[in-house]
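All remarks here apply to the structure that follows.
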Amino acid sequence: MAGAVVDLFPDAKPTIGPSIDPVGFYYDFFVENPFTQEDIDKIQKRVEEVIQKNSEFVRDEMSLADAIKYYEEVDKNKFKVEILKETEADKVSFYSHGEGNFKDLCRGPHVPFAGRIKAIKILNASSAFWRADADRESLQRVYGVALSNEKQLKKHLAMLEEAKKRDHRILGSQLDLFGTADEWGPGMPLIYPKGAIILDTLKDFWKKEHRKAGYELVQTPHIYKENVWQTSGHTEYFLEHMFPVDMRGEQWYVKPMNCPGHMMIYNRKAYSYRELPVRFGEMGTVYRYELSGALHGLFRVRSITQDDAHIFMLPDQLEDEIVRVIELVEHFYKVFGFQKWEYFLSTKPEKSIGTDEGWEHATNSLMRAIERTDLPYKVKEGDGAFYGPKIDVDVMDALGRKWQLATIQVDFNLPERFDTNYIGEDSQKHKPFVIHRTIFGAMERFLAIIVENYAGKMPVWLSPVQVEVIPITDQHIEYAKSVVEDLLKVGIRAEADLSGDRMEYKIRQATINKVPYIINVGDKEIESKTIAVRSRGNKVEFEVKIPDFIDKVIKQIENYE
RNA sequence: GCCUCGGUAACUCAGUGGUAGAGUGAUUGACUUGUAAUCAAUUAGUCGAGGGUUCAAUUCCCUUCCGAGGCUCCA
């Protein structure tokens, strides 16, 4: 593909072009003018021509010095020179094909003939920064997929289509869950009644499980005076992300994090070492001024409800506490039917605070904790926060996409800043270890993820409307109402569709709204005191006794199905 | 914040240098129906905002806001 681009745009300077997981590739070019849709179509055509010709890819080797010389003098490509200067190999390989005089630095291996690529699609172009650094040159990235046959390509494109259909922004408006608009502020979603039911159900679940796990639930204000943020260091390090509040000359800030509140609650009294660990949990909504280009539906918003918790403990309790958090994570994710999730341990970065002993103890405790759970994990060297090491969890959804949800972070910074202590056995003050953790990550984003993961078909326990009751004619309205009442009484979310439309139309509407159970009632049902139940998959069961149906649904709700 | 592409009715979208249309929805009426769309009528918009060119701008140009796809960042 790079060859095609250079054929069409002689001034384009290829930089790097790796393949991406699980399929596809991209290539970054330095060009004067960004690619347009027309350019993409041209590139697609040219690529197809190259494949048609089925020319051979030839591998050449060159010494590193010659290669640098080639890119400095012949090809004048400073990006390649930069890459080459960083390699340690003394010989590098080039690939070229019979068409044109394009050759490219490539470690290989490579397909032997262009014709081996049976199906290719150049998808889109966008900008990217050289070396992912916003201060460096802006490049044009061209995305594409190549597969060994047309059928697989179609399948892949169908998957992309499916992902589009599952887009929570589309499902969100179809299912009347939430809305975003610039009128009231970008990144500030309004959660509509049906979306709120899902969120509330998730929150109730979260609260129940956290109380069981020994957490104390707290509540903290949304804004504080400036001095709190000076103590926490936010005004120094996080100011550009914070919403300021000018209280008639006095400076306040809306909270971008829940931590300060929890620290202050801890500091209200002198905790004894016998009382630790102390665990504070809160569904706290924080506000962060995210860059406008980063906003995306409910995935990236500026009003963020975190399922936050801070745990204060003795140093030797750290390992046990991490194990407990991991167990909670495992329990939560199993409920939502995710296929797979991965743990990452991030260690000390270059810039950090805290003592070496502290880092070592904390990092080892995190590592030992994961190892005790027998879960596989990977280490990200130097990727920790400046205030402590952390464990992140990436969850894979039904379409194989990964989302970072849970994070468990040790914090050396806040206990110092807030002068947080416990009284030890020696009746002296000591600094507790503090971890900050979330499991869902952010409720808005978690809602978006499960909407996409379930393709809008929420399991019964999360469905905003669990049962839609549809009378066949107006003569059956009274019975429909009484059925709804029976269901509401036992806590099932039911409603009757009493509009003037035909029954078939109502069934269609309820199906589109992805209601798990659609109940029809007519003369037959009234006579036998039963209901006709249509469940997902369009199976209809007649003469179902109401108590039997209630038992079944209640059981599903209790089992988080 | 950076690059490309967009912004027309509640939603999806068509369209034009002479102030706009379709489908869906919503409302009303008729129909009273047995498992995925009954029929009819009504309702529809500062054509994102500001400025410029023009006799005339929704259309062309500029600015700005917002959105989409990426990058960066991140829960």
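Reminder, nothing fancy here: chain letters follow the sequence lines and each chain counts from 1.
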- Query: Given atom CD of A:Gln475 and atom P of B:rC31, what is their separation to the nearest angstrom?
  - Reply: 13 Å
- Message: Tell me whether the rings of A:Phe336 and A:Phe440 are parallel (<30°), tilted (30 to 60°) or perpendicular (>60°).
- Response: perpendicular
- Out of B:rG1, B:rA68, B:rU35, whichever nucleotide has its closest atom nearest the side chain of A:Ile507: B:rU35
- Message: I need the residues from residues 524-532 of chain A with at least one non-hydrogen atom less than 4.0 Å from RNA chain B; give them sorted by number, or say none.
- Response: A:Lys524, A:Glu525, A:Ala532
- Message: Can you measure A:Lys506 atom NZ to B:rU32 atom P for me and round it to whole angstrom units?
- Response: 15 Å
- Task: Pick base, sugar-phosphate or nothing for A:Asn538, based on heavy-atom distances below 4.0 Å to the nucleic acid.
- Result: base
- Give a yes-or-no answer on whether the side chains of A:Asp308 and A:Thr438 include a donor-acceptor pair shorter than 3.5 Å. no
- What interatomic distance, in whole Å, is found between C1' of B:rA57 and the corresponding atom of B:rG1? 33 Å
- Task: Could you check how far CZ of A:Phe299 sits from C1' of B:rG69, rounded to whole Å?
- Result: 15 Å
- Going by the angle between their ring planes, with limits at 30° and 60°, are A:Phe412 and A:Phe433 parallel, tilted or perpendicular? perpendicular
- Query: Given atom CD1 of A:Ile170 and atom P of B:rC13, what is their separation to the nearest angstrom?
  - Reply: 9 Å
- Message: Assuming nearest nucleotide by heavy-atom distance, tell me which of A:Gly297 and A:Phe440 is located more 5' along RNA chain B.
- Response: A:Gly297
- Message: Mind checking if A:Arg437 touches a base, just sugar-phosphate, or nothing, with heavy atoms under 4.0 Å?
- Response: nothing
- Does A:Val540 reach the side chain of A:Val533, with side-chain heavy atoms less than 4.5 Å apart? no
- Message: Rounding to an integer number of Å, can you tell me how far A:Ile477 CD1 sits from B:rU32 C1'?
- Response: 10 Å
- Item | Flag, side chain of A:Asn513 to backbone of A:Gln509, donor-acceptor distance under 3.5 Å | yes
- Item | A:Arg288 side chain vs A:Pro256 backbone, donor-acceptor pair below 3.5 Å | yes
- Using atom CD of A:Glu240 as one end and atom P of B:rC74 as the other, report the distance to the nearest whole Å. 11 Å
- Look at the side chain of A:Arg300 and the base of B:rC73, then say whether one donor and one acceptor between them are separated by less than 3.5 Å. yes
- Query: Under 3.5 Å, is there an N or O donor on one side and an acceptor on the other linking the side chain of A:Arg502 and the base of B:rU38?
  - Reply: no
- Task: Taking atom C1' in both B:rC13 and B:rG52, compute the distance separating them and give it to the nearest angstrom.
- Result: 30 Å
- Note on the structure: Residues passing the side-chain contact (heavy atoms from CB on, under 4.5 Å) test with A:Arg493, sequence neighbours excluded, are A:Ile197, A:Thr201, A:Gln466
- Task: Taking atom C1' in both B:rU46 and B:rA20, compute the distance separating them and give it to the nearest angstrom.
- Result: 14 Å
- Message: Please confirm whether the ring centroid of A:Phe312 lies under 6.0 Å from the ring centroid of A:Phe280.
- Response: yes
- Task: Grab the two heavy atoms, one from A:Val228 and one from A:Phe418, that are nearest each other, plus how far apart they are.
- Result: O-CZ, 4.2 Å
- Item | Side-chain N,O (A:Arg169) to OP1/OP2 (B:rA68) below 4.0 Å | yes
- Could one point to a donor on the side chain of A:Glu290 or the base of B:rA75 with an acceptor on the other under 3.5 Å away? yes
- Message: Going by the rule side-chain contact (heavy atoms from CB on, under 4.5 Å), which residues pair with A:Arg536 if we only count those two or more places apart in sequence or in a different chain?
- Response: A:Lys457, A:Ser463, A:Lys514, A:Pro516
- Pairwise P distance for B:rU8 and B:rU59, with rounding to whole Å: 14 Å
Close N or O pairs between protein and nucleotides 24-26 of chain B (under 3.5 Å):
{"residue": "B:rG25", "atom": "OP1", "partner": "A:Tyr505", "partner atom": "OH", "Å": "2.7"}

- Could you please name the option among B:rA36, B:rU33, B:rU72 that lies closest to any side-chain atom of A:Leu291? B:rU72
- Base, sugar-phosphate, or nothing: which does A:Thr511 touch, judged by heavy atoms less than 4.0 Å apart? base
- Message: Please check: side-chain N/O of A:Arg324 versus main-chain N/O of A:Ala213, any donor-acceptor pairing under 3.5 Å?
- Response: yes
- Whole angstrom is fine here: how far is it from CD in A:Gln306 over to P in B:rC74? 14 Å
- Message: Suppose you measure atom C1' in B:rA56 against the same atom in B:rU42; what distance do you get, rounded to whole Å?
- Response: 34 Å
- Message: Roughly how many Å apart are B:rU63 and B:rG7, using the C1' atom of each and rounding to a whole number?
- Response: 16 Å
- Message: Using the P atom as the point on both nucleotides, what is the distance between B:rC55 and B:rA40, in whole Å?
- Response: 49 Å
- Item | Chi angles and distances behind the ring-ring contact (aromatic ring centres under 6.0 Å, His included) call for A:Tyr289, A:Phe243 | CA-CA 7 Å; A:Tyr289 190 82; A:Phe243 286 91; 5.8 Å; yes
- Query: Touch check for A:His296, heavy atoms < 4.0 angstrom, all strands: base, sugar-phosphate only, or nothing?
  - Reply: sugar-phosphate
- Note on the structure: When rounded to the nearest 0.5 Å, the distance separating CE of A:Met458 from CG of A:Leu175 is 8.5 Å
- Query: What are the residues of residues 342-353 of chain A, sorted by number, that bring a heavy atom to within less than 4.0 Å of RNA chain B?
  - Reply: none
- Message: Just to be sure I understand the rule, does A:Asp523 reach a base, reach only the sugar-phosphate, or reach nothing, if contact means heavy atoms closer than 4.0 Å?
- Response: base
- Query: So, A:Thr305 and A:Lys203: side-chain donor and acceptor under 3.5 Å apart, yes or no?
  - Reply: no
- Main-chain N/O of A:Asp497 paired with A:Lys506 side-chain donor or acceptor, under 3.5 Å: yes
- Using the P atom in both, what is the distance from B:rG48 to B:rA14, to the nearest Å? 14 Å
- Range-with-range stems of RNA chain B (Watson-Crick or G-U pairs under 3.5 Å, three or more in a row): B:1-7 with B:65-71, B:10-13 with B:21-24, B:25-30 with B:38-43, B:48-52 with B:60-64
- Run the ring-centre check on A:Phe299 versus A:His168 and record whether the distance is less than 6.0 Å. yes
- Message: Tell me if a side-chain donor or acceptor on A:His210 pairs with a main-chain N or O of A:Trp206 at a distance below 3.5 Å.
- Response: yes
- Task: Let me know the distance between CG of A:Leu171 and C1' of B:rU12, rounded to the nearest Å.
- Result: 15 Å
- Query: At under 4.0 Å between heavy atoms, what does A:Val301 touch on the DNA or RNA strands: base, sugar-phosphate, or nothing?
  - Reply: base
- Determine the contact category for A:Phe238: base if any of its heavy atoms lies under 4.0 Å from a base atom, sugar-phosphate if only primed atoms, P, OP1 or OP2 are that close, otherwise nothing. nothing
